[in-house]
Q: 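Attaching a single structure in structure tokens format; questions to follow.
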Amino acid sequence: MTLYETIYARRSVRRYDKTPLTEAELSRINAYLLGVTQLPGQSARFEIVDGGKLKGGLAPYAILAFADDGGNEMINIGYVLQEVDLFLQSEGFGSVWCGMASPKEHQPGYRILLGFGPSSAPLRGGEADFKRKKLSDVSNEDNATARAVRLAPSAVNFQPWKMEFADGLITIHSNVRGVGKILPGRFYLYDLGIALKHAQTALTHQGRKIEDIKLDGGGKDSFAQIRYS
Ligand SMILES: Cc1cc2nc3c(=O)[nH]c(=O)nc-3n(C[C@H](O)[C@H](O)[C@H](O)COP(=O)(O)O)c2cc1C
């Protein structure tokens, strides 16, 4: 299954099989993780750990994300780890974003983790299996890119995005309202990076060329913008 197809099939997996992953599986996942391109100017660090090293972990393994303060580091982590989420599920593993979990021991620069492991949880059967806002509530246009972004995972399923399409340009605005505003940890910035990954994956699938990505991760009016041809 391609990453694009996986957008229409993935789910957050919270039930895992007891069998451990093999060394070969773990090193293949690590190789994929290290190969994901980060956003321009970003240099997050990632580490695969055993779930036993975590408080509140939901899965037998996790990818911890670390970054220095710099501006758009949380958008970047969302963008990178969402590609890994899609990769894992395309390969038959389960995965789940865990904002509420953390390493038992303090680790400087730690931000968030993606849990993963072997799972027999079935994939979703398509768009109709997702609980999401109406497309017209999150986008000014109905098209394949907007539909792929609409299905992106987000913290507490808040879906804090507003997509604006113009000629060769898509801007995904953070649309943080209501309880979303009081959610700790500025999760909406990860959500923005996750949505950006879905948009880019859909555009690439359509044969579009990504010309430029512009980010503003400064606050609640943050946005990510893709210029494409
Ligand atoms: C940044 C982020 C943090 C999340 N944190 C948690 C968490 O701590 N616990 C949990 O059970 N799910 C967590 N989730 C998963 C969301 O609840 C889930 O993505 C959303 O409900 C949509 O469901 P789906 O992923 O199955 O499509 C998180 C998701 C994101 C994007």
Side-chain angles (χ1 to χ4, degrees), residues 1 3-16 39 44 46 49 51 53-67 72-90 93-104 110-117 119-135 137-138 147-161 172 174-176 178-199 201-202 217 220 222 224:
M1 192 183 284
L3 297 190
Y4 177 71
E5 287 163 345
T6 309
I7 287 176
Y8 285 83
R10 64 157 296 286
R11 65 164 77 246
S12 289
V13 173
R14 299 182 180 86
R15 225 172 300 151
Y16 289 88
L39 287 166
F46 300 95
V49 298
K53 294 195 168 160
L54 309 173
K55 288 185 283 198
L58 298 166
Y61 301 91
I63 299 168
L64 308 183
F66 301 86
N72 296 318
E73 69 278 2
M74 294 168 76
I75 300 178
N76 178 58
I77 289 170
Y79 173 85
V80 170
L81 286 188
Q82 186 53 21
E83 181 169 331
V84 181
D85 173 78
L86 294 172
F87 168 74
L88 286 164
Q89 301 218 11
S90 75
F93 302 111
S95 55
V96 59
W97 280 91
C98 299
M100 296 305 167
S102 60
K104 283 181 184 159
Y110 169 73
R111 299 305 183 108
I112 196 166
L113 66 85
L114 182 75
F116 70 96
S119 174
S120 350
L123 288 168
R124 285 180 164 128
E127 220 165 340
D129 287 351
F130 285 77
K131 208 174 135 212
R132 294 293 189 268
K133 292 179 182 172
K134 279 195 306 217
L135 190 68
D137 289 343
V138 292
R147 286 200 291 277
V149 172
R150 172 180 169 265
L151 301 184
S154 58
V156 205
N157 206 18
F158 275 138
Q159 309 159 62
W161 328 285
I172 309 171
S174 271
N175 182 28
V176 190
V179 261
K181 277 191 184 158
I182 53 163
L183 205 65
R186 293 189 298 152
F187 287 136
Y188 58 87
L189 292 173
Y190 299 118
D191 296 341
L192 189 56
I194 292 169
L196 177 64
K197 176 60 68 179
H198 277 215
T201 306
K220 294 209 165 63
S222 301

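In this text, all values refer to a predicted model and were calculated from it rather than measured experimentally. Whatever order the structure lists ligands and atoms in, that order sets their numbers, starting from 1.
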Q: Considering only protein heavy atoms, which is closest to atom 29 (C) of ligand 1, and at what distance to one decimal place?
A: Trp97 CB, 3.4 Å
Q: Between Met100, Arg14, Arg186, Arg132, flag the one that comes closest to atom 10 (C) of ligand 1 by a heavy atom.
A: Arg14
Q: Of all the atoms in ligand 1, which lie at a distance below 4.0 Å from a heavy atom belonging to Asp191?
A: 1 (C), 31 (C)
Q: Looking at atom 21 (O) of ligand 1, what's its closest protein heavy atom, distance included?
A: Asn157 CB, 3.4 Å
Q: Would one find an N or O of Ala101, backbone or side chain, under 3.5 Å from an N or O of ligand 1?
A: no
Q: Trp97 vs Tyr190 aromatic rings, parallel, tilted or perpendicular, using cut-offs 30° and 60°?
A: tilted
Q: Using a 4.0 Å cutoff against the non-hydrogen atoms of Leu58, which atoms of ligand 1 qualify?
A: 9 (N), 10 (C), 11 (O)
Q: Could you say whether the N/O atoms of Arg124 and ligand 1 ever approach to under 3.5 Å?
A: yes
Q: Measuring from Thr201:OG1 to Leu196:CG, what's the distance to the nearest 0.5 Å?
A: 9.0 Å
Q: Among all protein heavy atoms, pick out the one at the shortest distance from atom 3 (C) of ligand 1; state its residue, atom name and that distance to 0.1 Å.
A: Gly99 N, 3.7 Å
Q: Starting from atom 18 (C) of ligand 1, which protein heavy atom do you reach first, and at what distance in Å?
A: Ser12 OG, 3.4 Å
Q: Should the proximity of Ser154 to ligand 1, defined as any heavy atom under 4.0 Å, be assigned to the side chain, the backbone, both, or neither?
A: backbone
Q: Is a donor from one side chain sitting under 3.5 angstrom from an acceptor on the other, for Asn76 and Glu73?
A: no
Q: If you measure from each non-hydrogen atom of Arg10 to ligand 1, which part falls under 4.0 Å: side chain, backbone, both or neither?
A: side chain
Q: For Trp161, give me all partners under side-chain hydrogen bond (donor to acceptor under 3.5 Å, both in side chains), at least two apart in sequence or on another chain.
A: none
Q: Ser119: what forms a side chain to side chain contact (heavy atoms under 4.5 Å, CB included) with it, not counting sequence neighbours?
A: Val13, Tyr16, Ala121
Q: Could you tell me which atoms of ligand 1, counted from 1 in the order shown, lie closer than 4.0 angstrom to a heavy atom of Ile194?
A: 31 (C)
Q: Return the minimal non-hydrogen interatomic distance between Leu189 and Ser222, and the atom names on each side.
A: CD2-OG, 3.5 Å
Q: Any chance you could measure Tyr61, atom OH, to Lys53, atom NZ, to the nearest 0.5 Å?
A: 12.0 Å
Q: State whether a side-chain donor-acceptor pair under 3.5 Å links Ser95 with Gln89.
A: yes
